[in-house]
Amino acid sequence: CSSDLIIELIEKKLNNNDKKQIEDFASHMNQYRDILQLYIPELCNTINKKKQRPSSNFLDTVEMYTRCFSYFAKKNTPIILFLDDIQWLSKNQLETISHLYKKNIPYFQIICTFRKNECLYSSLFKEFECSFTEKNHLTLDNLDKNASKEWFQDLLKINKTEASQLAELIYSKSIGNPYYTRKLLEA
């Protein structure tokens with residue numbers, strides 16, 4: 001949940017005992033602090049403001065996130081927003097990420113993962129992907145049997161024969177997917 005992300009960021013970075021820092025943050029957020037409080041009511045106590053339900057639109061929300069991330073992202077404390085399985089995100093969520101990327105916030109990086117086979121036919125996803133001017137793709141495929149065998153040999157400190165037998169068994173169930181392979185090893 002995006003509000004959990006912001007709450008965690010604020011809790012880690014803001015010292016609730018430092019009134020000057022809290023005032024500085026509230027000032028930085030300016031008119032967007034009301035929107036921040038709309039999404040994160042817990043902040044009402046932190047920045048000493050009464051609860052209210054302001055109206056917000058999409059661009060105000062994006063600007064609120066931009067201001068929040070730009071306040072905390074510094075050279076000595078960069079922020080990396082890691083979003084997993086973005087093929088499940090809604091149009092608004094994808095647009096929010098795209099707008100944040102376009103804001104070019106210093107010391108703020110967005111890393112997204114997705115399952116290509118689950119978004120091949122999505123025009124929404126293709127449109128989202130095209131919105132990034134600078135992108136690096138790293139494709140992670142399933143492990144083959146030899147890679148699985150080597151992994152088991154290193155991980156479990158077993159000989160090649162034992163690793164081969166284990167690789168055959170687990171590979172037949174996981175088809176080389178590292179996540180399921182690990183889960184089967186833990187079972």
Side-chain angles (χ1 to χ4, degrees), residues 1-140:
C1 177
S2 58
S3 62
D4 292 341
L5 170 76
I6 298 294
I7 290 171
E8 185 177 339
L9 177 66
I10 291 168
E11 285 175 348
K12 286 184 177 184
K13 299 294 183 179
L14 273 186
N15 178 353
N16 284 328
N17 297 325
D18 187 344
K19 290 189 188 288
K20 182 179 177 343
Q21 185 185 33
I22 291 169
E23 288 171 15
D24 183 47
F25 176 69
S27 172
H28 178 80
M29 294 306 292
N30 198 8
Q31 74 266 27
Y32 299 101
R33 66 181 168 190
D34 291 341
I35 299 167
L36 184 62
Q37 288 176 187
L38 172 68
Y39 288 93
I40 311 165
E42 296 87 341
L43 271 181
C44 294
N45 296 333
T46 305
I47 58 179
N48 298 324
K49 207 156 189 314
K50 292 181 182 176
K51 279 189 182 182
Q52 46 185 306
R53 299 291 291 174
S55 62
S56 71
N57 64 40
F58 174 75
L59 292 176
D60 285 344
T61 302
V62 170
E63 187 60 28
M64 177 270 303
Y65 280 116
T66 301
R67 285 181 164 272
C68 195
F69 287 131
S70 66
Y71 181 83
F72 292 113
K74 305 290 181 216
K75 186 176 183 176
N76 60 341
T77 56
I79 294 175
I80 298 173
L81 180 60
F82 179 83
L83 303 166
D84 193 20
D85 284 337
I86 63 169
Q87 73 273 9
W88 302 115
L89 297 182
S90 70
K91 180 179 181 177
N92 283 345
Q93 291 168 322
L94 290 172
E95 286 177 355
T96 301
I97 296 165
S98 182
H99 276 78
L100 277 173
Y101 169 77
K102 290 174 184 172
K103 292 289 186 174
N104 203 16
I105 303 167
Y107 307 107
F108 177 74
Q109 184 74 43
I110 301 172
I111 298 175
C112 302
T113 66
F114 61 91
R115 297 174 190 183
K116 197 171 190 170
N117 63 328
E118 293 180 12
C119 51
L120 284 176
Y121 304 107
S122 168
S123 60
L124 172 65
F125 193 81
K126 286 178 185 173
E127 182 182 321
F128 166 74
E129 191 177 22
C130 289
S131 70
F132 289 85
T133 56
E134 188 179 313
K135 56 189 169 212
N136 295 312
H137 286 266
L138 175 63
T139 303
L140 301 176

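I97 places a side-chain heavy atom less than 4.5 Å from the side chain of I110.
Here K91 pairs with nothing under the side-chain hydrogen bond (donor to acceptor under 3.5 Å, both in side chains) rule; sequence neighbours left out. For D84, the side-chain hydrogen bond (donor to acceptor under 3.5 Å, both in side chains) partners two or more places apart in sequence, or in a different chain, are T113. When the side-chain hydrogen bond (donor to acceptor under 3.5 Å, both in side chains) test is applied to S90, the partners found at least two apart in sequence or on another chain are Q93. For S98, the side-chain hydrogen bond (donor to acceptor under 3.5 Å, both in side chains) test picks out S131, with sequence neighbours left out. For the salt bridge (charged side-chain N to carboxylate O under 4.0 Å, His left out) test, no residue two or more places apart in sequence or in another chain qualifies with K102. Residues satisfying the side-chain contact (heavy atoms from CB on, under 4.5 Å) test with L94, not counting sequence neighbours, are L89, L124, F128. When the side-chain contact (heavy atoms from CB on, under 4.5 Å) test is applied to N104, no partner is found at least two apart in sequence or on another chain. Scored by the ring-ring contact (aromatic ring centres under 6.0 Å, His included) test, F72 finds F25 as partners (sequence neighbours excluded).
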Problem set entry | Stepwise side chain to side chain contact (heavy atoms under 4.5 Å, CB included) test for D85 and F114 | CA-CA 4 Å; D85 284 337; F114 61 91; over 6 Å; no
Problem set entry | Y107 and I79: CA distance, side-chain angles, deciding distance, side chain to side chain contact (heavy atoms under 4.5 Å, CB included) verdict | CA-CA 6 Å; Y107 307 107; I79 294 175; over 6 Å; no
Exercise. Given H99 and E63, is the side chain to side chain contact (heavy atoms under 4.5 Å, CB included) satisfied, shown in steps?
Worked result: CA-CA 9 Å; H99 276 78; E63 187 60 28; over 6 Å; no
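The distance from atom OH of Y101 to atom CD of Q109, rounded to the nearest 0.5 Å, is 8.5 Å. In this structure, CD1 in I86 is found 12.0 Å from CD1 in I111, a value given to the nearest 0.5 Å.
The two residues L100 and Y65 come nearest to each other via the heavy atoms CD2-CB, 3.9 Å. Residues P106 and A73 come closest through the heavy atom pair O-CB, 3.5 Å.
Under the 3.5 Å distance criterion, the side-chain polar atoms of T66 are matched with a main-chain donor or acceptor of V62.
Residue pairs meeting the salt bridge (Lys or Arg N to Asp or Glu O under 4.0 Å) criterion with at least one partner in residues 70-80, sequence neighbours excluded, do not occur; the list is empty.
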